Undergrad: 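Input: one structure, supplied below.
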Amino acid sequence: MTESFQESYIKARKAYIESRFLHLNPMQRRAVMQTEGPVLVLAGAGSGKTTVLINRIYNLLEYGCATDSEEIPYNASEEMLHELIVHGERADEYASLHPVFPWQILAITFTNKAASELKDRLKKLLGDEADELWACTFHSACVRILRRDADRIGYTGSFTIYDSADSQSLIKRILKDFNLDEKYYPPRTIINMISRAKDARVTPDIYLQNAKSSFDQYRQKTGEIYKEYIHRLHMADAMDFDDLLLNTVLLLEEFEDVRDYWQQRFRYVLIDEYQDTNLLQYQFSALMAGRRNNICVVGDDDQSIYKFRGATIENILSFEKQYPGCRTIRLEQNYRSTGIILDAANAVISNNTERKGKKLWTDKEPGEKIILTVADNEREEAQQIASQILAGYGKGKNWHDYAVLYRKNAQSNAIEFALKRNGIPYRIFGGTRFFDRAEVKDILAYMCVVASPQDDLRLERIINVPPRGIGSKSVEAAINVAAENNCSLYEILSTADEYEELSRSAMKMRQFSGMIRKFQLFSEVNSIDLLFDEIIEKTGYIHVLEEKNTIENNTRIENIRELKSTILNFMEESDDASLNAYLANVALYTDLDNYERDASAVTLMTMHASKGLEFPHVFIAGMEETIFPGIQAIGESEEMEEERRLCYVAITRAMKTLELLCAKERMIFGRTVANKVSRFVEEIPEEDITKNIPKGYSWRERCENSYQYIKNEKEYDIFYSTKRSANHYSAFSISGVKQNSDSETLILAVGDRVKHRSFQEGVVTKMTPMGNDFLLEIDFSGIGSKKLMLRAASRYMEKI
DNA sequence: CGCACCACAATTTTT
DNA sequence: TTGTGGTGCG
């Protein structure tokens, strides 16, 4: 076989495969065909990222590494070459080189929704073969890996998963047992701190050591909580979200055979939304890609909006350094939006400094201008949206062509109300999630306890729900006994009459544990939907709700019915319909997964939730300083950049039209405030925008008389230093707001020392005007920085 | 023990 | 304005 034959074979093969991907643009095609080694795909919004992922996987399965290899089949012949050149019948076969089996591919996404969309699209392309492929989230991938070998690291294979609400109640429980005040140790803050520690791989012991050497009492306490938290999770055979990642990484690092197994298995690793990965997720990816280093990450640094939960943009910025020889591909052609929308998005994001730099372009028409509407208040803002949608619907648009995006969930109220009044069907995402509703959690808690009775946390939740006469005193006593005997609460309940201190409710406790026992036996021979029915029936849960025929109770019953339908759904779709499998699935399930693109309804969601979605017509409500960008970002350049990225994400959701709205005044916490129009609006080029502003309204004028608008850190500093030198004016005379007659609001300035009723002494480090009030940041010695509203906090503070 | 009412505090985004 | 957590009474 001559060398030139080999060359022409490779060439023909490549040309042939290329011809199979002609529906892609050249950059996309490169991303599909560079199969070997590390690849970084910087994919702008709407640049066909998912298409690339799908086609890349298709290419791997169909042609293996043929497009990125010098190797030719050992039996390559002139005939085969000819077949390739003329695209003959057997060309497909001859072009293929070491095709990949579906189970050798690991494709990681961030949301279940993205994962199932990937799967669905692959299924359409490949048929049932796609089922073998791992297209899942980090968390579910970790669960699968852990289920197999959890015993190596001290868990059983059927460990339970705690969602964030579970973690929070566990923290609260610990605080109680430690006799610590939730005010000093807000559970949320503690959870955040633990989460960060885990991500940085700081163990409780290291954490405590650090705290001790720096004589930090507060950190020492939180360290103890951290330690206890881990301990209790372990006792309950439970892992929280972070543990899933951490333990997987530990497992892979520690056990060579386990690592080998997975590295051997997965020839190709693909990671979506790489800009949102945290340290652990990076380590996980690196471990899985292992020796072959066939890792392809797809992401967009401009769309990194989850820094607050530990995502480090560094991962994507430094990918090229971490993987020398990496090949970088930029996808900048946008297939989603009109020229004007892209122009606006580019203009806004260009105000950020920390980015790789990328400019979206399109060959589409410029399209319609962006509209800015200034409404009188949030009610009118919502009404504007409703009217526009109604008008569009009248012209033949579908409800699902519309989306309303906002910064925070609280904004949805007014919009919901307006849509309701106008009879517009809508779907809302976020807010209290379905699986966070009390009734849903209750029923699931029953199922958890049936699956693993040592789950004290869930047991405690349902021990008296519905009421069965085991009050908090009795529960407390039983918990104490359990702690003394170092065993689970369930064990104590089932042997309650052996303990004197439980004599009063022993009967009821035994009845309860007997019922759980019966459920366990029941579930051994029955499917989960029947177990569900049995639990509802025997606990009388729905029955109790039915007794009071209130709207609330009816919606609760609805929710429980809905839960049943998710169970049935799960049983249909999953090949492992065991109780454990269901519970694991449920913990990782979010509302967004319910999202149906074609449901005939307007979509309401936060900008965060909208990532990855697209809509022909988009409204963004609340384009005001202090809302978007949020108050917390003003004056903080890093956070401001994140807000701006969020704005970029929101703008690029729109395909055809985009309307921005703001209100002259709006109610926040029962108070009317006037905000300045968002700086992001001003960053959009004049020529892209049509301003729909009431006569005689000038936001520029407003801004001069209002402290709602603080442009950057410098101005901010000047603002406060002037205030300070002005010798302690009342906050309210400063902001030009009438002082309350009964007000005993403190007169404060940055630098003042205060004494708070519960937090003791602290120093005011920051004052931010907010509505008719000020947001104070006070650094309390030992506790750290706290944010308080001046008006409210004045009653508990004095100046010292 | 359970329910109703009151007081207070708090404001972001979520796999 | 909203939600939560604590208290006091039946």
Side-chain angles (χ1 to χ4, degrees), chain A residues 108-115 136-143 161 163-165 172 176 181-183 186-188 191-192 195 199 240-242 244-245 273 276-278 280-281 304-311 378 405-411 413-414 429-433 435-436 464-475 504-505 508 548 587-593 605-611 622 626-633 639 642-643 645-646 649-650 666-673 756-758 768 770-771 773 775-776 786-789 791-793 795-796:
Chain A
I108 300 279
T109 61
F110 255 81
T111 61
N112 295 304
K113 187 182 72 65
C136 52
T137 63
F138 276 106
H139 296 276
S140 51
C142 288
V143 171
I161 301 168
D163 67 16
S164 15
K172 282 186 176 172
K176 242 185 217 163
D181 192 345
E182 279 186 25
K183 277 176 192 145
R188 249 201 210 163
I191 285 176
N192 262 328
S195 177
D199 185 38
D240 67 12
F241 285 140
D242 300 310
L244 294 176
L245 277 156
E273 307 280 15
D276 287 332
T277 50
N278 62 24
L280 277 176
Q281 286 162 339
S304 157
I305 53 174
Y306 286 113
K307 211 183 86 194
F308 68 93
R309 63 173 201 226
E378 77 275 14
L405 309 182
Y406 35 82
R407 177 65 231 265
K408 50 189 187 198
N409 285 120
Q411 288 172 255
N413 262 328
F429 298 90
T432 348
R433 285 199 291 278
F435 287 97
D436 279 344
N464 202 30
V465 179
R468 54 175 67 89
I470 309 176
S472 55
K473 279 274 151 54
S474 315
V475 175
R504 218 178 312 160
S505 44
K508 286 164 183 161
K548 265 193 231 156
L588 300 175
Y589 198 92
T590 61
D591 265 13
L592 213 56
D593 307 338
M605 56 169 65
T606 63
M607 301 180 202
H608 280 90
S610 74
K611 197 167 74 160
T626 76
I627 292 179
F628 186 48
I631 183 88
Q632 78 295 334
E639 289 200 48
E642 178 132 329
E643 296 277 296
R645 289 194 291 270
L646 186 56
V649 168
R666 77 172 63 225
M667 285 270 262
I668 291 176
F669 315 134
R671 230 161 260 292
T672 306
V673 298
H756 189 275
R757 200 175 66 181
S758 34
T768 315
M770 195 175 172
D773 208 342
L775 178 75
L776 302 177
K786 284 258 161 209
K787 289 186 181 175
L788 299 168
M789 295 309 290
R791 231 176 234 265
R795 284 139 79 191
Y796 316 104

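Throughout, protein chains are lettered first and strands after them, A, B, ... in sequence-line order, and every chain is numbered starting at 1. For clarity, every value in this text was computed on a predicted model and none was experimentally measured.
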Undergrad: Considering heavy-atom distances to DNA chain B, does K473(A) or E642(A) have its closest nucleotide positioned more toward the 5' end?
TA: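 Going by which nucleotide is closer to the 5' end, it is K473(A).
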Undergrad: Go through dT14(B), dT15(B), dT12(B) for me and flag the one nearest to the F308(A) side chain.
TA: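 The listed nucleotide nearest to F308(A)'s side chain is dT14(B).
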Undergrad: Could you tell me how far apart L588(A) (CG) and dT15(B) (P) are, to the nearest whole angstrom?
TA: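 In whole Å, dT15(B) P and L588(A) CG are 11 Å from each other.
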Undergrad: At under 4.0 Å, does any side-chain N or O of K611(A) touch on OP1 or OP2 of dT14(B)?
TA: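 Looking at the OP1 and OP2 atoms of dT14(B), neither is under 4.0 Å from any side-chain N or O of K611(A).
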Undergrad: dT13(B), OP1 or OP2 - any side-chain N/O from N409(A) closer than 4.0 Å?
TA: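 Answer is yes, contact under 4.0 Å.
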Undergrad: Determine whether the aromatic ring of Y306(A) stacks with the base of dT15(B), defined as ring centroids separated by less than 5.5 Å and ring planes inclined by less than 30°.
TA: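 No; centroid distance or tilt outside limits.
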Undergrad: Any idea which of dT15(B), dT14(B), dG2(B) is nearest the A609(A) side chain?
TA: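 Nearest to the side chain of A609(A) among the choices is dT14(B).
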Undergrad: Which of parallel (below 30°), tilted (30 to 60°) and perpendicular (above 60°) describes Y306(A) and H608(A)?
TA: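 Y306(A) and H608(A): tilted rings.
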Undergrad: Can you find a heavy atom in the side chain of F628(A) that is under 4.5 Å from one in the side chain of Q411(A)?
TA: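 No, too far: nothing below the 4.5 Å cut-off.
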Undergrad: Once you apply a heavy-atom cut-off of 4.0 Å, does G471(A) come out as touching a base, just sugar-phosphate, or nothing?
TA: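 Result for G471(A) = sugar-phosphate.
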Undergrad: Do any side-chain nitrogens or oxygens of T606(A) fall under 4.0 Å of OP1 or OP2 in dT14(B)?
TA: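 Yes, because at least one side-chain N or O of T606(A) sits under 4.0 Å from OP1 or OP2 of dT14(B).
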Undergrad: Is the backbone of S304(A) close enough, under 3.5 Å, to the side chain of R645(A) for a donor and an acceptor to pair up by distance?
TA: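 The answer is yes, because a donor-acceptor pair under 3.5 Å joins these two groups.
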Undergrad: K172(A) near the nucleic acid: base, sugar-phosphate alone, or nothing, with a heavy-atom cut-off under 4.0 Å?
TA: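 Sugar-phosphate, backbone atoms only, no base.
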Undergrad: OP1 or OP2 of dT14(B) versus the side-chain N and O atoms of S164(A): is any pair under 4.0 Å?
TA: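 No, no such contact exists.
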Undergrad: Distance check needed: dT12(B) P versus F429(A) CZ, whole Å only.
TA: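 Nearest whole value for this atom pair: 23 Å.
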Undergrad: Whether the side chain of R407(A) and the base of dT13(B) hold a donor-acceptor pair under 3.5 Å is what I'd like checked.
TA: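 When only heavy-atom distances are counted, R407(A) does reach the base of dT13(B) through a donor-acceptor pair under 3.5 Å.
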Undergrad: Please report, rounded to the nearest Å, how far the C1' atom of dT14(B) is from the CE atom of M605(A).
TA: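 My rounded result for the distance is 13 Å.
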Undergrad: How long is the line joining CD of E378(A) and P of dT1(C), in whole Å?
TA: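 Going from CD in E378(A) over to P in dT1(C) covers 11 Å.
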Undergrad: Are the side chain of D240(A) and the backbone N or O of S164(A) linked by a donor-acceptor pair below 3.5 Å?
TA: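 Here the side-chain-to-backbone pair does not exist.
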Undergrad: Pick the nucleotide of DNA chain B nearest each of S505(A) and F110(A); which residue has the one closer to the 5' end?
TA: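 Closest to the 5' end, via its nearest nucleotide, is S505(A).
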Undergrad: Can you check the I470(A) CD1 to dC1(B) P distance for me, whole Å?
TA: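 Taking CD1 of I470(A) and P of dC1(B), I get 10 Å after rounding.
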Undergrad: To the nearest Å, how far apart are F241(A) CZ and dT14(B) P?
TA: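 Atom CZ in F241(A) sits about 13 Å away from atom P in dT14(B).
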Undergrad: Identify which nucleotide among dT14(B), dT15(B), dC1(B) has an atom closest to any side-chain atom of S474(A), counting heavy atoms from C-beta outward.
TA: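 Among dT14(B), dT15(B), dC1(B), the one nearest the side chain of S474(A) is dC1(B).
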Undergrad: Rounded to the Å, how far apart are R188(A) CZ and dT4(C) C1'?
TA: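 Taking atom C1' of dT4(C) as the reference, CZ of R188(A) is at 12 Å.
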Undergrad: For the pair S505(A) (side chain) and K508(A) (backbone), establish whether a donor and an acceptor sit closer than 3.5 Å, ignoring hydrogens and angles.
TA: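 No; zero donor-acceptor contacts below 3.5 Å.
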Undergrad: So does N464(A) get a side-chain nitrogen or oxygen closer than 4.0 Å to the phosphate oxygens (OP1/OP2) of dG2(B)?
TA: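 For dG2(B), OP1 or OP2 has a side-chain N or O of N464(A) closer than 4.0 Å.
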Undergrad: Using whole Å, report how far CD of Q411(A) lies from C1' of dT2(C).
TA: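 Distance check: Q411(A) CD to dT2(C) C1' gives 16 Å.
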Undergrad: Are any of the side-chain heavy atoms of V143(A) and I161(A) separated by less than 4.5 Å?
TA: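 A side-chain contact under 4.5 Å exists here.
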